[in-house]
Every structure is written in C-alpha cells, then in structure tokens.
Amino acid sequence: MRHQPSPRSARVWIATDPDHTARAVVLARIALGSQGIRVGPADLPTPQPQ
C-alpha cells in the first residue's frame, strides 16, 4: 500500500469476530489513518446459537 498513492475516499471495512472488532478497528485506524484511509467495522449479522 505504501507504493501506491491512496485515493482520498479510500475505505477499509474490518470483518472479524465481534469480540475482536473494536481492537482490530483501532489498530487499523492507527496503521492506515495517517495515509488518509478511513476504517470502520463491517456490519455483519451475528450467527445465533441453535
């Protein structure tokens, strides 16, 4: 990603286990936010136990 200029409207959606989402988003914002890339959690349905 460093070798390519990032467009101003670049976005990354984080999809992971709900228990890890907050931490993953914070780390991605630290790593990618300085490059102008917006990061947020993906709104995925949570599987319900049967």
Side-chain angles (χ1 to χ4, degrees):
M1 293 182 78
R2 289 184 188 181
H3 301 291
Q4 301 175 11
S6 58
R8 298 235 183 253
S9 62
R11 297 189 84 157
V12 172
W13 299 106
I14 303 295
T16 186
D17 184 88
D19 293 335
H20 302 287
T21 300
R23 180 180 57 191
V25 169
V26 168
L27 292 174
R29 285 180 179 163
I30 291 169
L32 302 174
S34 63
Q35 298 177 32
I37 299 172
R38 295 170 56 183
V39 178
D43 294 326
L44 300 174
T46 304
Q48 298 298 321
Q50 296 182 12

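When a residue number appears, it is its place in the shown sequence, counting from 1.
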Q: Give a yes or no on whether the backbone of V39 and the side-chain of R29 come within a donor-acceptor separation of less than 3.5 Å.
A: yes
Q | Residues in side chain to side chain contact (heavy atoms under 4.5 Å, CB included) contact with A42, at least two apart in sequence or another chain | A | W13, A15, L44
Q | ILVMFWY cluster membership beyond V26 - transitive side-chain contacts under 4.5 angstrom | A | I30
Q.
Can you confirm whether D43 is buried at CG, in the sense that more than 12 heavy atoms of other residues, nucleotides or ligands lie under 6.0 Å from that atom?
A. no
Q. What are the two closest non-hydrogen atoms of A28 and I14, and how far apart are they?
A. CB-CD1, 3.9 Å
Q. Do you know which two heavy atoms are closest between T16 and A24, and how far apart they sit?
A. CG2-CB, 4.2 Å
